[in-house]
Amino acid sequence: MARVSQEHLDARRRQILAGAAHCFARNGFHGTSMQDVLKEVGLSAGAVYRYFAGKEDLIAAIADEAFANIRRAFEEAAELTPPPTPDILLGRVVRGVFEGQVYGMERRTCAALIVQVWAETMRNERLAKTLHDGYTGMRAAWAKLVDAYRAAGLMRADVPADDVARTLIATAQGFIAQEALFGGVEPDALENGLRGLMSMDPSRIS
């Protein structure tokens with residue numbers, strides 16, 4: 001019997017995740033069964049369970065991938081000299097969320113799925129740990145980015161790096177929540193809004 005290539009295995013895993021993500025986006029986590037996922041991807045139970053033990057594994061994998069991609073974007077930005085400013089960086093990261101992790105979904109559907117993941121952590125201890133670990137990793141990566149800003153002379157040194165990191169995370173989360181709830185929020189609006197705030201000059205306030 002011919003051996004299955006790693007490329008094939010990775011593509012099959014991606015196919016299953018994409019199908020599960022579409023099911024979750026349509027019907028929610030609790031309204032989706034593994035049978036729904038099997039029907040969506042057109043695979044046998046054995047083929048799917050080879051990769052994922054059940055629905056919680058699928059949810060955790062989708063969450064893990066989202067955190068890994070966002071964290072990677074900030075780690076790469078920290079290596080640039082000088083690093084991109086927050087308006088450019090957050091715009092790039094949000095576009096990456098909607099373009100690189102959507103499994104073919106529309107932007108609002110993708111945002112709604114992300115918000116569902118956040119909500120599910122309130123009752124699912126395993127997913128809560130995944131979220132906590134991802135959040136901790138992002139804070140560390142973004143704090144490293146603050147160090148890069150300071151080294152480039154772009155940011156004052158008297159504000160704790162973790163405070164800045166938390167604020168950047170909250171900005172990205174708020175943008176995703178707006179898109180999920182209301183739709184029609186372009187990444188350009190995030191960039192422009194941040195650029196406007198960054199242009200404020202406190203010395204001109206009387």
Side-chain angles (χ1 to χ4, degrees), residues 10 14 17 60-103 105 107-108 110-115 117-119 121 126-182 184-206:
D10 291 343
R14 185 72 176 176
L17 284 177
I62 290 170
D64 275 336
E65 182 173 299
F67 285 126
N69 288 339
I70 295 172
R71 186 166 59 249
R72 188 180 308 116
F74 276 81
E75 289 171 344
E76 290 172 355
E79 300 300 323
L80 299 177
T81 304
T85 52
D87 55 326
I88 296 173
L89 179 58
L90 282 174
R92 182 183 302 170
V93 168
V94 168
R95 286 188 181 89
V97 169
F98 294 141
E99 294 170 7
Q101 304 165 44
V102 296
Y103 308 106
M105 295 178 181
R107 189 172 64 210
R108 187 173 184 183
C110 176
L113 180 62
I114 293 171
V115 172
V117 170
W118 295 342
T121 63
R126 177 184 175 187
L127 193 56
K129 184 180 185 307
T130 297
L131 183 68
H132 181 271
D133 291 347
Y135 178 62
T136 300
M138 282 196 292
R139 280 171 56 193
W142 294 22
K144 182 180 178 183
L145 179 64
V146 172
D147 292 337
Y149 284 147
R150 289 174 176 164
L154 298 174
M155 182 176 289
R156 50 195 280 184
D158 61 341
V159 177
D162 188 58
D163 290 357
V164 178
R166 287 175 181 268
T167 301
L168 289 171
I169 293 170
T171 301
Q173 289 175 320
F175 182 90
I176 292 169
Q178 280 192 26
E179 177 62 31
L181 293 170
F182 310 114
V185 185
E186 297 292 336
D188 287 350
L190 175 64
E191 290 179 336
N192 291 333
L194 284 170
R195 196 169 296 125
L197 291 171
M198 290 163 55
S199 70
M200 295 176 66
D201 182 0
S203 67
R204 301 185 61 180
I205 299 175
S206 56

Minimum heavy-atom separation for [X] to [Y], with atom names?
X	Y	value
Thr130	Asp64	CG2-OD1, 3.0 Å
Ala177	Val115	CA-CG2, 4.2 Å
Gly184	Glu179	N-OE1, 3.5 Å
Trp142	Leu90	CH2-CD2, 4.2 Å
Pro160	Arg150	C-NH2, 4.0 Å
Met198	Pro86	CE-CD, 4.0 Å

Just how far is it from atom [atom1] of [X] to atom [atom2] of [Y], taken to the nearest 0.5 Å?
X	Y	atom1	atom2	answer
Arg107	Glu186	CZ	CD	4.0 Å
Leu145	Met138	CG	CE	13.5 Å
Arg108	Leu113	CZ	CG	14.0 Å
Thr167	Asp162	OG1	CG	9.0 Å

Sorted by chain and residue number, the salt bridge (Lys or Arg N to Asp or Glu O under 4.0 Å) partners of Arg92 (sequence neighbours excluded) come out as none
With sequence neighbours excluded, what pairs up with Asp158 under the salt bridge (Lys or Arg N to Asp or Glu O under 4.0 Å) test?
-> Arg156
Residue pairs, two or more places apart or on separate chains, that pass ring-ring contact (aromatic ring centres under 6.0 Å, His included) and touch residues 147-182 | none
Hey, are the side chains of Pro83 and Lys144 touching, using non-hydrogen atoms and a 4.5 Å cut-off?
-> no
Hey, are the side chains of Arg95 and Asp188 touching, using non-hydrogen atoms and a 4.5 Å cut-off?
-> yes
Backbone N/O of Leu190 and side chain of Arg195: donor-acceptor pair under 3.5 Å | no
Apply salt bridge (charged side-chain N to carboxylate O under 4.0 Å, His left out) to Arg14 and Asp10, showing your working.
-> CA-CA 6 Å; Arg14 185 72 176 176; Asp10 291 343; over 6 Å; no
Between Thr171, Leu89, Thr85, which is the residue that forms a side chain to side chain contact (heavy atoms under 4.5 Å, CB included) with Leu194?
-> Thr171
